Visitor: 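Please see the structure below; I have some questions.
Below, chains carry the letters A, B, ... as their sequence lines are ordered, and counting in each starts from 1. Model, not experiment: these values are computed from the prediction.
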2 protein chains.
Amino acid sequence: MARTQGSHSEITGPRIREAALHLFAKHGFAAVSMRQIAGEVGVQVGALYNYTPDKQALLFSLLEGHMIDLLEAWRSLDTPQSPEARLEAFVRFHIAFHLDRPEAVFISYMELRNLDPENFSRIERLRRDYEDALETILRDGVAKGVFALPDSKLTTLAVIAMLTGVTTWYRPGGRLGPDDVSRLYWDMVRKTVAA
Amino acid sequence: MARTQGSHSEITGPRIREAALHLFAKHGFAAVSMRQIAGEVGVQVGALYNYTPDKQALLFSLLEGHMIDLLEAWRSLDTPQSPEARLEAFVRFHIAFHLDRPEAVFISYMELRNLDPENFSRIERLRRDYEDALETILRDGVAKGVFALPDSKLTTLAVIAMLTGVTTWYRPGGRLGPDDVSRLYWDMVRKTVAA
DNA sequence: GTCTATATGTAGATAGAC
DNA sequence: GTCTATCTACATATAGAC
């Protein structure tokens, strides 16, 4: 799908990122060629290098963008006071955010090993920041006596794994809608941490 | 690391599978070349094709072997009568089995999309068999009134996601040993399904 | 900013000697 | 059963014209 020559800087950049996100999610970073990405966008392969220095930087930028979006979205949310209400807000936020961008979630878990070491560290730092948000809620609830958990770090990781797992089976138009899913997961989390 | 010529059929096959498992887990299927696998084993690349018709078949065989091992191990376990005891047995089994072979677990989740469609279906069928084992326990507990869950399929998937998540952070010699981990996860699962 | 052409390397898989 | 040599295809990335 080659395109006639011309300058399209404002739209080509985002389209490259979208195409890369889509293809990386479907086939995996290593299995996707720059030519495939170019083909999906409708440009020739050389044009991609006006927008990214190399393939690795393109992957990193997608993963970093996703983590920054996640943290920003959570921080800009008006969170309630009580630990229970804050935990419920976190559960519902996490599910809604993740169901909204399954491809970004997918590559953010799957393609970590294709990052070079420095890029990997940066993503891990962002991930830890997000985990800390949940752990803080849990610790606070324990301190106030409304939650009971033997190990706040392990519970944090277990809850996030459980919630993120929703993206492996959820399909729009399926038996359960997003609100059903949020409610059911919140039920489970609530019981898990209950005092 | 080339090796002098000679016949080693009894040992080369397993060593190829080990090397492939290790390299696929570390770098990803698509990022690993047949030459790398041969190098790790200490043979030349042509020799690999005495043991697998192609790279795809090698991946499938690793994933299928893992799922069959998992199902066999669970089925050969003497499971108790009561739903609570059976659920506890499942949780402890799942964690012990998964902590024992982190690389096979890892590629079994990460490399599904690199299977061709028919191979993918076969692995999915085995995975569903395993999920059914847990769902049967949960349904039984609900019928007997000892568990309360709004949706046995969703709870099945949530519990498996939570338990399998242990492989993403567990490291031998870390703060928590395998028995600690099993106990803590069992605590969480028990509360989640409690009536 | 995009194109075409290309440099350079490496991939999966096979053939035939030993 | 393994080796060496090779076929064919495709990879990332760059140079220079438009």
Visitor: So, does A/T12 get its side chain near the phosphate of C/dG1, meaning an N or O under 4.0 Å from OP1 or OP2?
Guide: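 Answer is no, no contact under 4.0 Å.
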Visitor: Identify, with sequence neighbours excluded, every residue that meets ring pair (Phe, Tyr, Trp, His ring centres under 6.0 Å) alongside A/W74.
Guide: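 Result, ring pair (Phe, Tyr, Trp, His ring centres under 6.0 Å) vs A/W74: A/F90, A/F93.
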Visitor: Start at the 5' end of DNA chain D and walk down; is the nucleotide closest to A/A31 or to A/G46 reached first?
Guide: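 First, find each residue's nearest nucleotide; the 5'-ward one identifies A/A31.
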Visitor: C/dT14 P sits how many Å from B/L48 CG, rounded?
Guide: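 Going from CG in B/L48 over to P in C/dT14 covers 13 Å.
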Visitor: Just how large is the angle between the end axes of the helix from C/dG1-D/dC18 to C/dC18-D/dG1, five pairs per end, to 10 degrees?
Guide: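 Here the helix ends are tilted 0° relative to one another.
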Visitor: Using a 4.0 Å cut-off on protein heavy atoms (strictly under), produce a 5'-to-3' string for nucleotides 7-12 of chain C with B for base contact, S for backbone-only sugar-phosphate contact, and - for none.
Guide: ----SB
Visitor: Find the distance between OH (A/Y51) and OG1 (A/T12) and round it off to the nearest 0.5 Å.
Guide: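 Reported value, rounded in 0.5 Å steps: 4.0 Å.
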Visitor: When you check the gap from the basic side-chain N to the acidic O, do A/R125 and A/D129 get nearer than 4.0 Å?
Guide: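 Result for this pair is no, no salt bridge flagged.
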Visitor: Between CG of B/L134 and OG1 of B/T156, what distance do you get to the nearest 0.5 Å?
Guide: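 These two atoms lie 4.5 Å from each other.
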Visitor: Under the side chain to side chain donor-acceptor pair (under 3.5 Å) test, which residues partner A/D151, sequence neighbours left out?
Guide: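 A/D151 satisfies side chain to side chain donor-acceptor pair (under 3.5 Å) with B/R175 once adjacent residues are dropped.
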Visitor: Under 4.0 Å from OP1 or OP2 of D/dG1: is there any side-chain N or O of B/Y51 that close?
Guide: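 No, outside the criterion.
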Visitor: Between P on D/dC3 and CD on B/Q44, what's the gap in Å once rounded to a whole number?
Guide: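 It works out to 5 Å between those atoms.
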Visitor: Does A/R183 come within less than 4.0 Å of A/D179, counting only side-chain N to carboxylate O?
Guide: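 Result for this pair is no, no salt bridge flagged.
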Visitor: Contact list please: residues 17-28 of chain A against DNA chain C, heavy atoms, distance less than 4.0 Å, in numerical order.
Guide: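 Correct list: empty, so none.
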Visitor: Do the numbers put B/R122 on top of the ring of B/F120, so that NZ or CZ is under 6.0 Å from the six-membered ring centre and no more than 45° off the axis?
Guide: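 No, B/R122 does not sit over the ring of B/F120.
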Visitor: Give the rounded distance in Å between these two atoms: CG of B/L58 and P of C/dA13.
Guide: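 In whole Å, C/dA13 P and B/L58 CG are 10 Å from each other.
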Visitor: When rounded to the nearest 0.5 angstrom, what distance separates CG in A/L62 from CD in A/E111?
Guide: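 Result: 10.0 Å between the selected atoms.
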Visitor: Rounded to the Å, how far apart are B/N50 CG and C/dA13 C1'?
Guide: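 One finds 13 Å between C1' of C/dA13 and CG of B/N50, rounded.
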Visitor: Would you kindly check if the NZ (Lys) or CZ (Arg) of A/R127 is within the cone defined by 45 degrees around the ring axis of A/Y109 and under 6.0 Å from the six-membered ring centre?
Guide: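 Cation-pi check for A/R127 and A/Y109: passes.
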Visitor: Taking only residues two or more places apart in sequence, or in another chain, which ones meet A/H27 in a side chain to side chain donor-acceptor pair (under 3.5 Å)?
Guide: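 Here no residue qualifies.
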Visitor: Hydrophobic clustering (ILVMFWY, side-chain heavy atoms < 4.5 Å, transitive) - are A/L70 and A/L126 grouped together?
Guide: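 Yes, same cluster.
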